[in-house]
Amino acid sequence: MTKKYWLMKSEPDEFSILDLKRVKVEAWTGIRNYQARNFMRDEMSVGDEVLFYHSSTRPPGVAGTMTVASRPYPDPLQFKKSSKYYDEKATKEKPRWMMVDVKFQSVFSTYIPLQVLKNEVKLGNMAILQKGTRLSITPVTAAEFRHIVKMGEK
DNA sequence: GCCAACGTTGGC
DNA sequence: GCCAACGTTGGC
């Protein structure tokens with residue numbers, strides 16, 4: 001299977017690229033959107049490369065990279081009553097929410113704000129740059145991935 | 001199966 | 001804090 005490329009959002013107050021650097025591997029819990037779930041469940045493979053995007057912060061932007069580190073498995077928080085991600089309709093036999101683990105790869109030496117991405121003609125087709133796209137997990141092309149990494153490593 | 005009401009995301 | 005855009009829920 002050929003490698004795919006992704007962008008995944010996280011609010012850095014909740015979990016940032018530096019948190020991932022510290023823990024090395026993290027379960028990407030709490031995704032409660034079917035499209036985003038389907039990407040993790042159906043399309044991700046171990047070794048896929050991922051842009052780590054900081055959302056709801058000033059400024060929002062891409063902070064580094066990580067890789068997919070596990071096959072999909074049920075998000076444990078859907079079964080945990082005390083969690084805000086608890087889902088009473090999910091059962092162990094029929095889990096509703098699937099997720100993957102991610103592994104730290106790099107912190108960009110240059111943080112790439114959303115506004116800078118918007119100015120890059122080459123990145124014009126990226127999902128997160130389209131008006132109204134709120135998806136927290138989106139595919140990116142290999143060319144887009146490489147372009148952003150090159151900007152981030154400057 | 002439609003769609004109004006409501007909830008959430010996330011940039012600004 | 002505002003609000004546009006979008007997703008989900010539930011009555012009918």
Side-chain angles (χ1 to χ4, degrees), chain A residues 4-23 26-44 48-68 72-102 104-141 143-145 147-154:
Chain A
K4 294 196 178 75
Y5 298 87
W6 306 94
L7 180 146
M8 294 166 78
K9 297 179 185 175
S10 177
E11 300 188 11
D13 289 348
E14 301 285 327
F15 188 76
S16 74
I17 188 76
L18 293 178
D19 294 323
L20 183 61
K21 184 179 185 185
R22 183 165 41 77
V23 301
E26 177 78 356
W28 206 258
T29 55
I31 299 300
R32 294 295 177 267
N33 169 283
Y34 289 107
Q35 253 183 293
R37 177 206 67 183
N38 293 349
F39 283 137
M40 291 196 287
R41 187 189 63 186
D42 305 334
E43 309 227 19
M44 284 189 183
D48 282 1
E49 295 195 77
V50 186
L51 298 166
F52 193 128
Y53 180 90
H54 283 178
S55 64
S56 294
T57 188
R58 270 193 298 272
V62 180
T65 63
M66 55 191 176
T67 58
V68 175
Y73 63 98
D75 182 339
L77 298 185
Q78 70 194 300
F79 308 124
K80 195 174 167 196
K81 276 218 169 71
S82 60
S83 170
K84 69 171 174 173
Y85 297 113
Y86 175 68
D87 185 339
E88 60 178 9
K89 291 184 182 156
T91 63
K92 302 245 172 169
E93 295 71 35
K94 282 191 85 175
R96 177 180 286 194
W97 304 108
M98 304 291 283
M99 39 145 265
V100 297
D101 292 345
V102 294
F104 175 75
Q105 184 164 261
S106 71
V107 182
F108 283 171
S109 47
T110 306
Y111 180 77
I112 309 297
L114 177 62
Q115 194 53 57
V116 172
L117 297 177
K118 284 180 176 171
N119 291 335
E120 292 290 312
V121 175
K122 285 182 186 171
L123 302 178
N125 290 326
M126 281 185 72
I128 59 153
L129 301 183
Q130 311 311 312
K131 190 177 172 168
T133 301
R134 308 176 310 182
L135 252 193
S136 65
I137 300 178
T138 50
V140 301
T141 67
E144 289 161 350
F145 185 91
H147 188 66
I148 292 173
V149 167
K150 194 184 280 181
M151 294 168 74
E153 288 177 346
K154 275 209 178 121

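Naming: A, B, ... by sequence-line order, numbering from 1 per chain.
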Worksheet item: Rounded to whole angstrom units, what separation is found between the CG atom of A:L135 and the P atom of C:dT8?
Response: 10 Å

Item to complete: Fit a plane to each ring of A:F15 and A:W28, take the angle between them on a 0 to 90° scale, and name the class: parallel (under 30°), tilted (30 to 60°) or perpendicular (over 60°).
Response: perpendicular

Item to complete: Using a cut-off of strictly less than 4.0 Å, decide whether A:K9 has a side-chain nitrogen or oxygen near OP1 or OP2 of B:dG10.
Response: yes

Worksheet item: Could you give the CG-to-C1' distance, from A:L129 to B:dG10, as a whole number of Å?
Response: 14 Å

Worksheet item: Judged by atom type as modelled, is there a donor-acceptor pair below 3.5 Å linking the side chain of A:E88 to the main-chain atoms of A:F79?
Response: no

Discussion item. Determine whether A:V50 and A:T65 satisfy the following criterion, side chain to side chain contact (heavy atoms under 4.5 Å, CB included), listing intermediate values before the conclusion.
Written reply: CA-CA 6 Å; A:V50 186; A:T65 63; over 6 Å; no

Item to complete: Ignoring the backbone of A:Y34, work out which of C:dA5, B:dG11, C:dT8 is nearest its side chain.
Response: C:dT8

Fill in: Integer-rounded Å distance: B:dT9 P and A:I137 CD1
13 Å

Worksheet item: Closest nucleotide of DNA chain C for A:G132 versus for A:R96: which of these residues is on the 5' side?
Response: A:G132

Fill in: Selected nucleotide, minimal atom distance to A:L114 side chain, candidates C:dA5, B:dG11, C:dT8
B:dG11

Worksheet item: Given B:dC12, is OP1 or OP2 found less than 4.0 Å from the side-chain N or O atoms of A:K118?
Response: yes

Worksheet item: Could you state the CD1-P distance from A:I31 to C:dT8, rounded to the nearest angstrom?
Response: 13 Å

Worksheet item: Is the distance from OP1 or OP2 of B:dT9 to the nearest side-chain N or O of A:Y53 less than 4.0 Å?
Response: no

Worksheet item: Relative to the 5' end of DNA chain C, which residue comes earlier, A:R32 or A:K131, by the nucleotide with the nearest heavy atom?
Response: A:K131

Worksheet item: Is the shortest side-chain N to carboxylate O distance from A:D75 to A:R32 below 4.0 Å?
Response: yes

Discussion item. Measure CG/A:N33 against P/C:dA5 and give the value in whole Å, please.
Written reply: 18 Å

Worksheet item: A:Q35 near the nucleic acid: base, sugar-phosphate alone, or nothing, with a heavy-atom cut-off under 4.0 Å?
Response: sugar-phosphate

Worksheet item: How close or far is atom P of B:dC12 from atom CD1 of A:I128, stated in whole angstroms?
Response: 11 Å

Discussion item. Given 3.5 Å as the limit, does a donor-acceptor pair link the side chain of A:S83 with the main chain of A:Y85, or not?
Written reply: yes

Worksheet item: Atom CG of A:D87 to atom P of B:dG7: distance rounded to whole Å?
Response: 17 Å

Worksheet item: Taking atom C1' of B:dT8 as reference, at what distance in whole Å does atom CD of A:E11 sit?
Response: 11 Å

Discussion item. Quiz question: going by heavy-atom distance under 3.5 Å, is there a donor-acceptor pair between the base of B:dT8 and the side chain of A:R134?
Written reply: yes

